[in-house]
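Note that these values count all heavy atoms, side chains included, but never hydrogens, waters or copies made by symmetry.
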Amino acid sequence: MRVQSHRVFPALLVLASLLLAACASMPSRDPLQVSVAGIESLPGEGMELRLLVKLRVQNPNDAPVEFNGVSLNLDVMGRGFASGVSDQPGTVPRFGETVIAVPVTVSVLRMARQVLGMLDGKPVDKVSYSLSGKLNGASLFGTQRFTSKGEFELPRGAADSASTAMRSPDFP
């Protein structure tokens with residue numbers, strides 16, 4: 001039995017039209033607002049530093065966002081610094097917020113690269129960071145990606161004392 005193309009083409013055209021109409025009728029969502037709410041130290045292993053990054057996630061939409069995992073990448077001064085994942089499930093309520101804790105790992109080599117990058121002779125008063133990641137959705141199309149940027153000021157003299165310590169002959 002041979003399928004006739006003149007019968008299949010109109011059926012595919014109708015199916016494609018229905019799919020496009022369904023996608024167009026899906027409600028648009030505003031992006032989640034994510035910021036760093038806090039950072040705590042965790043026990044590290046070997047040549048790594050472990051931190052617990054607390055993210056404040058705000059949902060500006062009329063529907064809750066359910067998730068069953070979180071992925072996070074943290075850049076400092078434009079360079080990759082830390083990454084982490086968590087299988088923590090939860091819900092960000094509609095027009096609400098929640099705090100999600102994600103353990104991240106920083107290798108000693110990345111940390112040294114960051115410090116050496118700050119030793120260019122220029123004073124460092126502010127440190128910029130950017131984070132990106134995703135909340136893995138509990139539903140089929142529910143994954144929400146996010147990005148955020150910010151900066152924080154160093155205490156006066158912190159960069160100078162680090163720079164002096166790195167340049168001293170006692171520094172290994």
Side-chain angles (χ1 to χ4, degrees), residues 29-61 64-93 96-172:
R29 301 189 114 204
D30 290 326
L32 299 175
Q33 303 298 313
V34 180
S35 61
V36 176
I39 299 176
E40 298 175 9
S41 179
L42 292 174
E45 295 182 28
M47 303 257 314
E48 66 183 16
L49 171 69
R50 301 272 296 157
L51 301 169
L52 186 67
V53 177
K54 293 182 179 180
L55 301 175
R56 180 170 309 282
V57 182
Q58 296 177 333
N59 179 7
N61 297 292
V65 174
E66 293 185 29
F67 61 93
N68 58 13
V70 184
S71 172
L72 176 67
N73 291 308
L74 177 64
D75 295 343
V76 175
M77 303 294 283
R79 295 184 179 140
F81 186 68
S83 62
V85 292
S86 172
D87 63 355
Q88 173 185 346
T91 302
V92 185
E97 63 182 41
T98 191
V99 175
I100 304 170
V102 182
V104 298
T105 303
V106 183
S107 75
V108 171
L109 297 175
R110 281 187 177 179
M111 198 177 327
R113 187 179 75 186
Q114 289 290 342
V115 171
L116 291 174
M118 296 172 122
L119 297 179
D120 60 1
K122 299 175 188 170
V124 178
D125 297 331
K126 295 180 182 178
V127 175
S128 62
Y129 70 89
S130 65
L131 56 94
S132 62
K134 68 178 180 177
L135 291 178
N136 192 56
S139 65
L140 183 60
F141 298 108
T143 297
Q144 298 280 317
R145 297 195 178 275
F146 60 85
T147 59
S148 180
K149 294 181 180 184
E151 60 183 28
F152 56 91
E153 292 187 29
L154 291 176
R156 291 219 179 257
D160 295 335
S161 62
S163 174
T164 304
M166 291 286 288
R167 292 186 184 134
S168 75
D170 298 331
F171 186 74

**Study point:** Residues which pass side chain to side chain contact (heavy atoms under 4.5 Å, CB included) with S148, listed by chain and number, not counting sequence neighbours
**Key:** L131
Review point. Measuring from K54:NZ to I100:CD1, what's the distance to the nearest 0.5 Å?
Key: 13.0 Å
Revision key, fill the gap. CD (E151) and CE (M77) are apart, to the nearest 0.5 Å, by 9.5 Å
Revision key, fill the gap. Applying side chain to side chain contact (heavy atoms under 4.5 Å, CB included) to L42 and not counting sequence neighbours gives R50, L52, P103
Review point. Hey, does V57 have a side-chain heavy atom less than 4.5 Å from the side chain of F67?
Key: no
Revision key, fill the gap. Nearest heavy-atom approach of S132 to T147 is CB-CG2, 4.0 Å
Check your understanding: With sequence neighbours excluded, what pairs up with V108 under the side chain to side chain contact (heavy atoms under 4.5 Å, CB included) test?
Key -> M47
Point to revise | Closest non-hydrogen atom pair, L32 against P60 | key: CA-CD, 4.3 Å
Exercise for review: Calculate, to the nearest 0.5 Å, the distance between atoms CG and OG1 belonging to N59 and T91 respectively.
Suggested key: 10.5 Å
Exercise for review: Quick one: pull up OG1 in T105 and CD in E48 and give me the separation to the nearest 0.5 Å.
Suggested key: 5.0 Å
Review point. So how far is it from R79 CZ to L74 CG, rounded to the nearest 0.5 Å?
Key: 14.0 Å
Exercise for review: Calculate, to the nearest 0.5 Å, the distance between atoms CD and CG belonging to Q88 and L135 respectively.
Suggested key: 9.5 Å
